[in-house]
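Index from 1, following the sequence. In listed order, ligands and their atoms are each counted from 1. Note that the coordinates shown come from a computational prediction; the quantities given were computed from them, not determined experimentally.
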Amino acid sequence: MGATGGNGYPLAMGTLPPFEKECFRKDGSRAAVLIGAASFEEKKHQGVAFLFDLSDHKRAEAVARESEQRYHEVQTELAHANRASTMGQLAASIAHEVKQPIAAIAWNASGAIRWLGARPPNRREALQSLEKIRNDAMRAGAIIDRIRDFIRKEPPHEDSVDIKRAVSEVIELTRGEAAKHGVSVQALFAEDLPLIRGDRVQLQQVVLNLIINAIEAMSTTREGPRDLRIDTVADASKGIVVAVSDSGPGLPAQGLERLFNPFYSTKASGLGMGLSICRSIIEAHGGSLSAKPNAPRGAVFQFTVADHPKPAS
Ligand code: ADP
């Protein structure tokens, strides 16, 4: 036969493998078609040919391609949104945690300047202010280190934590703030508390947040004594329990869990990250953080962490 198909396949071979081609319809519009042909074995001059309009198929393919592209776009958008909200949360948490030591540094620096400028200069007070500045700067640095570890998804430090010492340090740190707001502070520790395995700085961050929240809550109340109480006890089933109780305005009757949501805050300049970060820290330590009403008024925020018995000496 010697004839060839549009794609160069000799019809003499008996078949013309299907190939796509673009044709023009009578109305001048373009159409994609699939063309194929085959001759019958014995009578090579007889055979079948087909021409299949691929327009519907092509349209469906284009729609599928488009929706696949959209799917990828949505995925990318979501990934970005996730990253943006994680970064937002992170930025908010850094701001929240570091704001306090930085404010204290500024306050004590002003104090030091005043003491040094006095006539005669009061070196002793100035030195004390500078010491406080150094401690706060180290605290801010430690917080940033922890946040960096967190970003790197490093596991929390596994220190053997003396909980009495850790809680006492935070109480000392917040004494000034409590006094400023007329809050009396009482700390009770059970005897022979076992050591905790965990991250000391993170656990102190939790206690600090709970104490500051309690002081802030009480500073909004006008009546009644402002009492802050921190109880640290050992519980046979729960491990160590730390409870921070106040005599502030108390908690909403319903929806207590809402307090632990990121960005939930009733304060004018609150970020609402404190309790949510506290909860994730405590949960990472295998414990739990909860809130309940105090009697006769106020709130109790308490957390548990598994204890870690002292090695036999
Ligand atoms: P923020 O302190 O930035 O508001 P938190 O996560 O620390 O964020 O707290 C969320 C909210 O929980 C507070 O805004 C407040 O309404 C409530 N809250 C926290 N602690 C107390 C408390 N001791 N007494 C009453 N309400 C509290």
Of the side chain and backbone of Phe301, name the one, both, or neither that has a heavy atom under 4.0 Å from an atom of ligand 1.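 Side chain only; the backbone of Phe301 stays clear of ligand 1.
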In ligand 1, which numbered atoms sit nearer than 4.0 Å to a non-hydrogen atom of Gly250?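 Reading through ligand 1 atom by atom, the close ones are 25 (C).
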Suppose we measure from [atom] to each protein heavy atom; which comes out shortest, and what is that distance?
atom	answer
atom 8 (O) of ligand 1	Gly272 CA, 3.1 Å
atom 24 (N) of ligand 1	Ala217 CB, 3.4 Å
atom 14 (O) of ligand 1	Thr266 N, 2.9 Å
atom 10 (C) of ligand 1	Tyr264 O, 3.2 Å
atom 17 (C) of ligand 1	Leu259 CD2, 3.9 Å
atom 6 (O) of ligand 1	Leu275 N, 2.8 Å
atom 23 (N) of ligand 1	Asp246 OD2, 2.8 Å

Any salt bridge between [X] and [Y], counting N to O under 4.0 Å?
X	Y	value
Arg229	Asp231	yes
Arg279	Glu257	yes
Glu20	Lys58	yes

N or O pair under 3.5 Å between Glu216 and ligand 1: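 In fact, backbone or side chain, Glu216 has no N or O that close.
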Give yes or no for whether the N/O distance cutoff of 3.5 Å, strictly under, is met between Ser276 and ligand 1.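 Ser276 vs ligand 1: no N/O contact under 3.5 Å.
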Of the listed options ([options]), which comes nearest to [atom] when hydrogens are ignored and any heavy atom counts?
atom	options	value
atom 4 (O) of ligand 1	Pro293, Ser265, Ala299	Ser265
atom 27 (C) of ligand 1	Leu251, Leu256, Ile211, Val244	Leu251
atom 7 (O) of ligand 1	Asn294, Asn209, Asn213	Asn213

Minimum heavy-atom separation for Ile215 and Glu177, please, with both atom names.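 It is CG2-O, 4.1 Å.
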Which heavy atom of Asp227 sits nearest a heavy atom of Ser247, and at what distance?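 Shortest heavy-atom separation between Asp227 and Ser247 comes out as N-OG, 2.9 Å.
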